[in-house]
2 protein chains.
Amino acid sequence: MDSDKEVTIYDLARKLNISIATVSRALKDDPVVSKKTKKKIADLALEMGYRSNNFARNLRTQRTNTIGVIIPRINSYFMSAVIAGMENVATSEGYNLIISQSSESVEKETANAVTLFNNRVDGLLVSLAYDTDSLTHFEPFIKKKIPLTFFDRTVDQKDSTCIQINNLKAAYEATTHLISQGRRRIVHITAPPKRNVYVDRLQGYKQALADQRIAFRQDYVIVGNLSQEAGADAAAHIRQMKPFPDAVFAANDNCAVACMLALKQMGVRIPEEIAFVGFNNDPVSTVVEPNLTTINYPGYEMGQVAARNLIDRLGGTSGIRPTNTIILRSELIIRESSIGQKTV
Amino acid sequence: MDSDKEVTIYDLARKLNISIATVSRALKDDPVVSKKTKKKIADLALEMGYRSNNFARNLRTQRTNTIGVIIPRINSYFMSAVIAGMENVATSEGYNLIISQSSESVEKETANAVTLFNNRVDGLLVSLAYDTDSLTHFEPFIKKKIPLTFFDRTVDQKDSTCIQINNLKAAYEATTHLISQGRRRIVHITAPPKRNVYVDRLQGYKQALADQRIAFRQDYVIVGNLSQEAGADAAAHIRQMKPFPDAVFAANDNCAVACMLALKQMGVRIPEEIAFVGFNNDPVSTVVEPNLTTINYPGYEMGQVAARNLIDRLGGTSGIRPTNTIILRSELIIRESSIGQKTV
DNA sequence: TCTAAAAATGTAACCGATTACAATTTTTTT
DNA sequence: AAAAAAATTGTAATCGGTTACATTTTTAGA
């Protein structure tokens with residue numbers, strides 16, 4: 001019968017011989033409508049297969065119940081866990097997520113921001129690309145007071161919230177741990193120190209060295225893009241270094257593992273000759289041999305917290321709680337790759 | 001000045017003293033509008049910071065430029081690669097993706113379908129939960145002729161397209177490869193054979209055995225949820241089996257790797273005592289020792305193809321090309337975990 | 001130069017909800 | 001039972017576009 005045409009509040013109103021205003025209110029469970037009428041309307045709505053039209057509502061209310069997400073790339077263990085956490089919270093709160101990837105390019109990040117802006121997202125969750133340094137592409141959001149939350153790769157911006165871990169402390173602990181195992185010539189593999197996460201990790205590394213009276217050497221910092229290839233390249237580089245380093249602290253497990261595999265291939269023994277600590281607690285860290293010591297980085301939880309925080313700000317009676325930074329707990333997980341004194 | 005209020009086509013029209021119809025057409029690049037007027041309007045739009053309101057448009061056109069995605073879970077290497085591929089195509093075609101996870105539960109899958117239906121998605125991309133067997137929750141889409149595409153975990157449904165690989169052939173090749181290496185007592189670790197992917201892989205496994213005149217044994221099929229725990233459980237189970245199996249073909253790399261690690265822990269040598277083949281070509285397959293032989297499953301490409309196909313159907317002059325099934329290429333990648341004759 | 005055809009622009013209805021304000025009905029108070 | 005207060009329901013404007021159809025302007029042909 002009504003198989004094709006959408007049912008609207010007009011249809012319901014006509015059938016019950018009441019006004020659309022009452023129908024609209026009843027469907028929203030407005031307390032001003034009597035229980036009897038509400039029941040009548042709800043029943044008919046069900047019977048006729050009514051479904052509300054979000055576009056009409058959004059057009060009128062100027063809200064979209066949509067959250068935009070911009071991330072470097074989705075297909076990494078960490079990031080997909082974050083997204084899973086966000087989806088979990090968003091769905092349960094009636095929000096939709098629009099996810100877009102910047103592929104580590106400022107241009108794509110900008111294009112994505114424009115798209116999301118035009119899609120009228122209610123809020124934005126962002127993890128920045130490697131070399132984004134200007135934030136002009138987020139200004140339209142700030143001007144329109146659209147809440148903006150940075151997570152993981154954050155940046156200090158007075159109108160926005162940051163969700164992150166204490167990267168400095170985590171790196172400090174990782175490095176201190178290596179030193180406690182008798183290591184002195186510790187190489188740090190990381191990405192260009194532009195993003196907070198890499199700056200802070202480098203800083204933590206340096207501070208740990210300083211606190212243990214070990215001189216920092218710039219040539220011990222290997223900068224790349226933290227990919228598996230970068231890990232292999234780092235291994236080739238390390239192989240040439242004299243004296244041979246006795247430990248590696250990498251800013252990412254994937255890269256650390258690739259580096260380990262390459263060194264093993266060359267006949268280097270881990271951890272006897274060179275110890276390893278990674279970052280993220282990616283599943284590969286428990287597969288590689290020896291198992292990789294790493295920093296547990298709670299991605300799923302970070303996604304949940306970021307989404308929850310943003311949604312709170314959206315619903316919030318404007319103005320309250322301008323929380324600026326939320327730090328999640330992270331911890332060093334010690335495994336075989338870094339245990340024991342050097343034996344060579 | 002105009003810092004807060006949104007600019008609409010009415011504002012543009014008033015300023016230029018023309019009708020909103022012309023403005024609307026010009027912004028859509030309708031050929032019926034003269035180049036001169038178009039330029040005038042485009043310039044002013046830019047100057048005034050006009051942005052089109054999708055809700056008004058969607059309300060009127062009854063299209064949303066949004067694609068719904070339902071997947072078991074996003075945080076696996078394979079699935080995040082699929083999503084990345086979809087995002088890539090969707091964004092470049094001006095579509096948004098709404099992603100929701102079923103967490104392998106029919107109830108959540110149903111709830112997600114309802115949500116996406118109410119969000120008026122233009123099309124739907126689905127990979128089914130383990131134990132979904134009724135498709136009633138997709139009927140509203142079919143009735144409304146909203147294109148529905150299944151990928152990976154598909155189901156035969158006359159109105160919808162399926163994107164998959166030839167699981168039977170892949171499993172056949174994997175099993176045949178093991179047999180060619182002299183293995184005879186081959187265990188198959190998989191999920192309950194409800195979903196096509198597991199049914200077909202089991203079938204391919206059986207067929208390969210049959211073709212090589214090896215008797216199929218039901219007790220050689222270990223059914224679980226393919227998680228890492230399931231892999232460890234399978235290892236414990238295998239350890240008890242007499243005679244000891246000489247090969248394992250697992251329907252998923254993660255599970256295979258967990259099983260390998262557990263067996264290694266028990267002192268079993270791989271591949272000498274027991275060979276392994278996995279499925280998916282997950283990065284861990286090149287980290288575990290020995291490296292895992294596996295089936296390369298092109299996730300990113302599958303995501304691209306699925307999105308492309310759906311978008312084509314959306315834009316398409318209805319009725320053409322009711323492609324029913326698209327098979328992507330997959331291939332066996334032979335690594336150390338399955339090479340060489342048994343030496344025990 | 002005049003007229004028919006083509007090109008460009010305009011008018012107004014429509015998509016489906018929300019909500020301020022007005023009107024009506026019901027309940028309470030006196 | 002009448003008046004006042006409370007509860008309910010209705011009217012109509014509004015959100016910002018799209019598009020069928022009507023009208024005006026421009027171009028081409030005779």
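Heavy-atom basis, side chains included; hydrogens, waters and symmetry copies ignored. Chain identifiers are assigned alphabetically (A, B, ...) following the order of the sequence lines, protein sequences preceding nucleic acid strands; residue numbering begins at 1 within each chain.
Ser160(B) meets the side chain to side chain contact (heavy atoms under 4.5 Å, CB included) test with Leu148(B), Phe150(B), Gln157(B); sequence neighbours excluded. For Asn118(A), the side chain to side chain contact (heavy atoms under 4.5 Å, CB included) criterion is met by Val114(A), Arg51(B), not counting sequence neighbours. For Arg153(A), the side chain to side chain contact (heavy atoms under 4.5 Å, CB included) test picks out Pro72(A), Glu104(A), Ser127(A), Leu128(A), Tyr130(A), Arg195(A), Asn196(A), Val197(A), Tyr198(A), with sequence neighbours left out. Qualifying ring-ring contact (aromatic ring centres under 6.0 Å, His included) partners for Tyr50(A), counting only residues two or more places apart in sequence or in other chains: none. Contacts of Ser92(A) classified as side chain to side chain contact (heavy atoms under 4.5 Å, CB included), with partners at least two apart in sequence or in another chain: none.
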Side chains of residues 300-311 of chain B: which donor-acceptor pairs under 3.5 Å do they make with residues two or more places apart or in other chains?
residue   : atom : partner  : partner atom : Å
Gln304(B) : NE2  : Asn88(B) : OD1          : 3.0
Arg308(B) : NH1  : Glu93(B) : OE2          : 2.9

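Between Arg63(B) atom CZ and dG17(D) atom P there is a gap of 18 Å when expressed in whole angstrom units. Across the protein-nucleic acid pair, Asp11(B) atom CG and dC15(D) atom C1' stand 13 Å apart, rounded to whole Å.
Residues Asn96(A) and Asn119(B) bring a donor and an acceptor atom of their side chains to less than 3.5 Å of each other.
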Letter by letter from the 5' end, nucleotides 14-21 of chain C scores (B base, S sugar-phosphate only, - none; protein heavy atoms under 4.0 Å) BBBBBBBB
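The ring-ring contact (aromatic ring centres under 6.0 Å, His included) pairs that include a residue from residues 87-118 of chain B are Phe117(B)-Phe141(B), where partners are two or more places apart or lie in different chains. Judged as a salt bridge (charged side-chain N to carboxylate O under 4.0 Å, His left out), not a single pair has a partner in residues 76-90 of chain A (not counting sequence neighbours). Within the structure, salt bridge (charged side-chain N to carboxylate O under 4.0 Å, His left out) pairs that include any residue of residues 126-141 of chain B comprise Asp133(B)-Lys194(B) (at least two apart or interchain).
Axis deviation across the helix from dT1(C)-dA30(D) to dT30(C)-dA1(D) amounts to 40°, comparing end segments of five pairs, rounded to 10 degrees.
Remark: nothing in residues 29-42 of chain A comes within less than 4.0 Å of DNA chain C through any heavy atom.
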